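Below you'll find the structure, written out as structure tokens, and then a few comments.
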Amino acid sequence: ARGHLHPRTQVLRQVEEIFQSLGFSVIDSREMETDYYNFQALNYPKDHPARDMQDTFYINDELLMRSQTSPNQVRFMEKHSPPLRVIVPGKVYRRDASDVTHESQFYQVEGLMIDKHISIGHFKAVISEFFKRLYGKEVKIRLRPSYFPFTEPSFEPDISCTFCDGKGCRICKNTGWLEMAGAGMVHPFVFKSAGYTPYEWQGFAFGFGLDRLVMMKYRINDIRLLNFGDMRFLKQF
């Protein structure tokens, strides 16, 4: 029997193709990260309470399994001058309890766009076009105010639940909406960490949960199915 690509890989390739068509480059990255790039350079001081939001796997005092793909914002900006448009797909690790929408190991797609006059309007236009192409139809989007140390203002883009068409179900916790990303305008501290002059440049950053994109596209109701390796499940794709 011939094998075929895992549904996660299929969606990742489509995500990359969509963003490349919008002028973004796809960048490789590392899974083991330093505390500096994972936290400090992103405006998480040692005693910052926001560190409690992510229960991290530490290797030693300085090395850890990255809890987000956001360290690549500073790493990339350190070596490249704006304007720039990149996405960084990759695996991340958090000490989360496993349930239908959470795993301790999952995938994110980091995005970064920097130029002289980038606004929230540019971000909404980009993700609206992205979701339209990914799901093949218009998708309702809302930006919900949030907090992340490395963006200001910060927000979380939600899309209308594709399982219940926004009516409310177990997957969307009866809200009709599913959180798809963390995002915001790049914080001046992050520009300073990367060696840029704060306020000279503007940009947005985002981090999509790739596994959640897969679930919404194929109407999979349990994220754990993506990791079990059950051939009865995988043969459907």
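Note that the structure is predicted; figures quoted are calculated from it, not measured.
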Closest approach of [X] to [Y] (non-hydrogen atoms, all atoms of both residues):
| X | Y | value |
| --- | --- | --- |
| Glu78 | Ser193 | OE2-O, 4.0 Å |
| Met77 | Ala194 | CB-CB, 3.5 Å |
| Met185 | Phe204 | SD-CB, 4.0 Å |

Side chain of [X], backbone of [Y]: donor and acceptor closer than 3.5 Å?
| X | Y | value |
| --- | --- | --- |
| Ser154 | Phe148 | yes |
| Glu156 | Gly182 | no |
| Tyr135 | Leu213 | yes |
| Ser128 | Ala125 | no |

side-chain hydrogen bond (donor to acceptor under 3.5 Å, both in side chains) partners of [X], counting only residues at least two apart:
| X | answer |
| --- | --- |
| Thr175 | none |
| Tyr107 | none |
| Arg95 | none |

Counting C-beta onward and ignoring hydrogens, is there a side-chain heavy-atom pair between Phe39 and Leu64 closer than 4.5 Å?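 A side-chain contact exists here, since the closest heavy-atom pair is under 4.5 Å.
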I want to check something: taking the side chain as every heavy atom from C-beta on, are Met180 and Asp158 in contact at a cut-off of under 4.5 Å?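 Heavy-atom side-chain distance check fails, nothing below 4.5 Å.
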Yes or no on side-chain hydrogen bond (donor to acceptor under 3.5 Å, both in side chains) for His6 and Thr9, after CA distance, side-chain angles and deciding distance? CA-CA 5 Å; His6 191 281; Thr9 303; 5.1 Å; no
Suppose we screen for side-chain contact (heavy atoms from CB on, under 4.5 Å). Which residues come up paired with [X], at least two apart in sequence or across chains?
| X | value |
| --- | --- |
| Ser29 | Arg66, Asn72, Val88 |
| Asn60 | Glu62, Leu63 |
| Asn174 | none |
| Pro188 | Pro198, Tyr199 |

[X]: partners by ring-ring contact (aromatic ring centres under 6.0 Å, His included), with sequence neighbours left out:
| X | value |
| --- | --- |
| Phe131 | Phe208 |
| Phe24 | Phe19 |
| Phe57 | none |
| His80 | Phe76 |

Salt bridge or not for Arg133 and Glu129, using N-O below 4.0 Å?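 Counted as a salt bridge, because a side-chain N and a carboxylate O are separated by less than 4.0 Å.
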Are the charged groups of Arg85 and Asp115 less than 4.0 angstrom apart, N to O?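 No.
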Hydrophobic cluster partners of Phe106 (side-chain heavy atoms under 4.5 Å):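 Result for Phe106 is Val92.
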Asn227 CG to Arg224 CZ distance, which is reported to the nearest 0.5 Å: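 Here the rounded value is 10.5 Å.
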